[in-house]
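Lettering follows sequence order; numbering is per chain, from 1. Quick caveat: nothing in here was measured; it's all calculated off a predicted structure.
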There are 2 protein chains.
Amino acid sequence: MKLDQKDIQILNLLQNNARLSNKEVAAELDIAPSTCHERLKRLTREGFFKAFNADLNLKKLGINVQVIVAIRLKKHEREIINSFIKRIRTLKGVIKFYHMAGDTDFMIHIGVKDSDDLRSFILDKLANFSYIDHIETAMIFYDECVCNLSIFESEN
Amino acid sequence: MKLDQKDIQILNLLQNNARLSNKEVAAELDIAPSTCHERLKRLTREGFFKAFNADLNLKKLGINVQVIVAIRLKKHEREIINSFIKRIRTLKGVIKFYHMAGDTDFMIHIGVKDSDDLRSFILDKLANFSYIDHIETAMIFYDECVCNLSIFESEN
DNA sequence: CGTGAAATGCGGAGTTA
DNA sequence: TAACTCCGCATTTCACG
């Protein structure tokens, strides 16, 4: 499917403000709400959006510790990878994970209440996955979604 | 501010489906739309939402290469960190970044069209920041937002 | 719960090939 | 004519006080 400039503008707008109403998007693009609505529906139908996420203020929710846990597995068969991913999805505290090429197989971004919870996360929840070879934890001072995709270049 | 179970449900719902209408959220919680509307407004007013992001299907946008660039700086004065963060925010291709404690100072999640773009990103855009000591790049096979915060534990 | 506003779907107009 | 894209309008549905 071909995207024109208007489509790209819609994607770009919603990327950083996913709760904009159709009317607001239309006003921004300077087209009629009905037109905008059709485009938005089409983009959704065609699968251009993977999800719409609310980025919560974790501090206000008592989540004061954020870390990246880097994990190396002993084996890399697809089956083991898949079952590890399934496991990750169920673990409370997981915010995002990356399956990587290279020395580290997985990087998991987790958020917990305090260092006790972190300890429990790693020792009780993670380390008992039998194929884990190595775990390394690094604290996050600050993280930010930038969402500055190169396809939106022409708008600057 | 105190959050009750309904508030937490609202946060949890919107976290993974930020474009739900007020009516839909209300139906899910089994409360009146007007009640839900007030709670949602209150949560917004009190700053529980940092942002609402659309998670785009990067493959469909021609962004075929995603990597994590791990960066170590030569110095760690606040001024240098801040100016590096400012720089990161302007770079096309940046999706998310983490400011870390430990050996690596920054991890930047970037998405580009192909390996040529990656090369250009690192050599032309990144490496000319004078305080960079070391850059390491690792390819992302797959990444996923899980958003499985521990405060939502009680709902399972 | 009522009012005003927005979402949604349709027919038609303008454009291009 | 056929294929597209947009808009205006009418109806349903929703936000919000």
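- A:Glu38 comes within contact range of at least one nucleobase, with a heavy-atom separation under 4.0 Å.
- A:Gln5 has its CD atom 13 Å from the P atom of D:dC6, to the nearest Å.
- For B:Ser34 against D:dG17, a side-chain-to-base donor-acceptor contact under 3.5 Å is absent.
- For B:Ser21 and C:dA7, the shortest distance from a side-chain N or O to OP1 or OP2 is not below 4.0 Å.
- In terms of phosphate contacts, B:His37 brings a side-chain nitrogen or oxygen within less than 4.0 Å of OP1 or OP2 of D:dC16.
- Per the geometry, CG belonging to A:Leu20 stands 15 Å off P belonging to D:dA15, to the nearest Å.
- Here the C1' atom of nucleotide D:dA15 and the CD atom of B:Glu24 are 13 Å apart, to the nearest Å.
- Atom CZ in B:Arg19 sits about 14 Å away from atom C1' in D:dC14, given to the nearest Å.
- Taking the six-membered ring for Trp, B:His109 and B:Tyr98 have ring centres at least 6.0 Å apart.
- Across all their heavy atoms, B:Leu3 and B:Leu43 have their closest contact at CD2-CD2, 3.7 Å.
- Of the candidates D:dC7, C:dA6, D:dC14, D:dC14 carries the atom nearest the B:Lys23 side chain, counting heavy atoms from C-beta on.
- Taking a cutoff of 4.0 Å between a charged side-chain nitrogen and a carboxylate oxygen, B:Arg89 and A:Glu144 qualify as a salt bridge.
- Taking 4.0 angstrom as the limit, A:Arg42 places none of its side-chain polar atoms (N or O) nearer than this to OP1 or OP2 of D:dT5.
- At least one side-chain nitrogen or oxygen of B:Asn22 sits closer than 4.0 Å to the OP1 or OP2 atom of D:dA15.
- Using a 4.0 Å heavy-atom cutoff across all strands shown, A:Thr35 reaches at least one base atom of the nucleic acid.
- The CG-C1' distance, from A:Leu40 to C:dA7, rounds to 11 Å in whole Å.
- Atom CD1 of A:Ile31 is separated from atom C1' of D:dT5 by 10 Å (rounded to the nearest Å).
- Listed pair A:Lys6 / D:dT5 fails the phosphate criterion, with no side-chain N or O lying under 4.0 Å from OP1 or OP2.
- For the pair A:Arg39 CZ and D:dC4 C1', the computed distance is 10 Å after rounding to whole Å.
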Query raised in the report: When you look at A:His99 and B:Tyr142, which way does the ring-ring contact (aromatic ring centres under 6.0 Å, His included) test go after all the steps?
Result: CA-CA 5 Å; A:His99 177 207; B:Tyr142 177 74; 7.7 Å; no
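- Within the 6.0 Å centre-distance limit, the rings of B:Phe129 and B:Phe84 are counted as a close aromatic pair.
- Atom CG of A:Leu3 is separated from atom C1' of D:dT5 by 15 Å (rounded to the nearest Å).
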